[in-house]
Structure formats: structure tokens, C-alpha cells
Amino acid sequence: MTLDDRLWGVVETSHFLRVPVATLYQWRHLGTGPESHKVGRHVRYLPEDVVAWVRRQP
């Protein structure tokens with residue numbers, strides 16, 4: 001991993017993207033947001049996947 005050697009939770013990811021947590025869950029459901037992973041019962045994001053997703057947005 002590169003940005004800070006750990007996975008981001010939904011709160012950290014929502015702060016980074018400046019969107020509500022509910023938006024992240026909706027994007028996950030629709031398959032339109034950054035790639036996410038289930039770790040146990042938690043949703044986690046690789047920081048580099050989130051940054052790559054932002055760069056792909058028009």
C-alpha cells in the first residue's frame with residue numbers, strides 16, 4: 001500500500017471525498033463508486049483505489 005499503509009473505513013473515505021457516508025453505501029449498492037472490500041462485516045477502501053476513482057471522474 002502507498003498512501004498511509006492502511007485501509008480506510010467509510011467515515012475516512014467520506015471525509016476524503018467530502019460526501020455523506022450514505023452516499024458511499026448507495027454508490028457501493030449501485031456499483032458506481034470507488035472499489036470497496038468487505039473485511040468481516042466492515043466495508044473498507046484502499047486509498048489508492050479511491051484516488052484512482054477520483055481521477056477517472058469527468
query = Are V51 and V11 connected in the hydrophobic side-chain network, where two residues link if heavy atoms are under 4.5 Å apart?
reply = yes
task = Could you pull out the closest heavy-atom pair between S14 and P20, with the gap in Å?
result = CB-C, 4.1 Å
request  = Not counting sequence neighbours, which residues clear side chain to side chain donor-acceptor pair (under 3.5 Å) with S36? List them please.
outcome  = R28
inquiry  = Let me confirm one number: the CG-CG distance from L17 to L24, rounded to the nearest 0.5 Å.
reply    = 6.0 Å
query = Which value, rounded to the nearest 0.5 Å, describes the distance between R18 atom CZ and T13 atom OG1?
reply = 14.5 Å
request  = With sequence neighbours excluded, give me every ring-ring contact (aromatic ring centres under 6.0 Å, His included) pair touching residues 19-54.
outcome  = W27-W53
request  = Determine, stepwise, if the pair E12 / R6 fulfils salt bridge (Lys or Arg N to Asp or Glu O under 4.0 Å).
outcome  = CA-CA 11 Å; E12 293 165 304; R6 64 187 186 101; 2.6 Å; yes
ask   = Is there a side-chain contact between K38 and V43, using heavy atoms and a 4.5 Å cut-off?
value = yes
